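Written out below as structure tokens is the structure these notes cover.
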Amino acid sequence: MNKIELGVNIDHIATLRQARGTAYPDLLEAVRLVEDAGAHAITIHLREDRRHIQDADVYAIRQMCTRRLNLELAATDEMVGIACDVLPNDACVVPEKREELTTEGGLDIIGQFERVRSVTQRLNAANIRVSLFIEPDIEQIRRVPDIGAPVIELHTGTYANATGAAKAQELQRIREATEFAHSLGIQVNAGHGLDYHNTQAIAVIPNIRELNIGHSMVARAVFVGIRQATVEMLALMQAARAGA
Ligand SMILES: CC(=O)[C@@H](O)[C@H](O)COP(=O)(O)O
Ligand SMILES: NCC(=O)COP(=O)(O)O
């Protein structure tokens, strides 16, 4: 059985802190609890508008994080400069629009080929493992080797928001995209909009290696705490993968 890993995205713990400009909730305490619960990675998205994670958070988390740090970033010179200074283990290149409520889809690596390739090369040169956050689209995946990224993260937001036949169709698209990328030797991760009900069907796909999950887990943490929210998510992912 292929193992499946969990990266916990703690952006929305910072959203709560930023809502009042307080020092709490403490992101470093969240990292400690999430790691103690067995998560494999900590994911943070330093948005250009700094609406949740702040620059100082990135440096402080890098210092104390004992698991992999996955920094999500837009393909800009500013963000690449910060990543090359902080040196996260992984950098996930994501699309970003200032006015969006949340990330609305995958990066168009065909339309922005030269920019994404140049960003990837700079991150590769700093020994940061690059992941491209893209749609489960065969034509996009076909270009990944030319860009030089070893990992992709498939955007699961469309699947998460769909219902009925459209949901089944999107799940099938994710399955096919995973198999195609795997056949090219690319590591496949997935994330966005995953929760305690829709994650199982994604976790069961054998060649998906890591799920990055944030919003639903922070929401669950309001009632049970982030440690327990992590334990529960890990358990359901692992049960789905084991075929339980
Ligand atoms: C790329 C991605 O899916 C996450 O970074 C997610 O976007 C975090 O939450 P927000 O989109 O609300 O910032
Ligand atoms: N890359 C996806 C991620 O980190 C978490 O997205 P969400 O669970 O907050 O929608």
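We count ligands from 1, going down the list as the structure has it; atoms in each ligand are counted the same way. Along the sequence shown, residues carry numbers from 1. In this text the structure is predicted, and so the values were computed from the model without any measurement.
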Does Glu104, at its CD atom, have more than 12 non-hydrogen atoms belonging to other residues, nucleotides or ligands within less than 6.0 Å?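 Enclosed.
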For ligand 1, indicate whether the residue [X] contacts it via side chain, backbone, both or neither (heavy-atom separation under 4.0 Å).
X	value
Asp11	side chain
Asn9	side chain
Thr102	both
Arg51	neither
His52	side chain
Arg47	side chain

Exercise: identify the closest heavy-atom pair between [X] and [Y]:
X	Y	result
Asn198	Tyr159	O-OH, 2.7 Å
Gly191	Phe133	O-CE1, 3.7 Å
Pro136	Leu154	CA-CD2, 3.9 Å
Ile213	Met233	CD1-SD, 3.8 Å
Asn2	Pro206	ND2-O, 2.9 Å

What are the atoms of ligand 1, with element, lying closer than 4.0 Å to any heavy atom of Val94?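 Per the distance check, 1 (C).
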May I ask you to list the atoms of ligand 1 that are less than 4.0 angstrom from any heavy atom of His12?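 Counting from 1, the qualifying ligand atoms are 9 (O), 10 (P), 12 (O).
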Return the residue, atom name and 0.1 Å-rounded distance of the protein heavy atom closest to [atom].
atom	result
atom 7 (O) of ligand 1	Thr103 OG1, 2.6 Å
atom 6 (O) of ligand 2	His192 CA, 3.7 Å
atom 10 (O) of ligand 2	Gly193 N, 2.8 Å
atom 2 (C) of ligand 2	Glu153 OE2, 3.3 Å
atom 4 (C) of ligand 1	Glu72 OE1, 3.1 Å
atom 3 (O) of ligand 1	His192 ND1, 2.6 Å

For residues [X] and [Y], is any side-chain donor paired with an opposing acceptor at under 3.5 Å?
X	Y	result
Gln238	Arg241	no
Asn9	Thr43	no
Glu210	Asn212	yes

Inter-residue atom distance Ile82.CD1 - Glu78.CD, 0.5 Å rounding: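 If we round to the nearest 0.5 Å, Ile82:CD1 and Glu78:CD are 4.5 Å apart.
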Roughly how far apart are Leu107 CG and Ser131 OG, rounded to 0.5 Å?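 That separation rounds to 10.0 Å.
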Testing Arg62, Arg68, Arg129, Arg67 for side chain to side chain donor-acceptor pair (under 3.5 Å) with Asn89, which one passes?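 Result for side chain to side chain donor-acceptor pair (under 3.5 Å) with Asn89: Arg62.
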For the pair Ile134 and Val144, evaluate side chain to side chain contact (heavy atoms under 4.5 Å, CB included) and give the outcome as yes or no after the intermediate values. CA-CA 10 Å; Ile134 59 175; Val144 171; 4.1 Å; yes
Which of the numbered atoms in ligand 2 are under 4.0 angstrom from any heavy atom belonging to [X]?
X	result
Glu72	1 (N), 2 (C), 3 (C), 4 (O)
His215	7 (P), 8 (O), 9 (O)
Ile213	8 (O)
Asn9	3 (C), 4 (O), 5 (C)
Gly214	5 (C), 7 (P), 8 (O), 9 (O)

Heavy atom under 4.0 Å from ligand 2: found in Thr43's side chain, backbone, both, or neither?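 Thr43 to ligand 2: side-chain contact only, backbone stays beyond 4.0 Å.
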Can you tell which part of Met217 has a heavy atom less than 4.0 Å from ligand 2: side chain, backbone, both or neither?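 Neither; nothing of Met217 gets under 4.0 Å from ligand 2.
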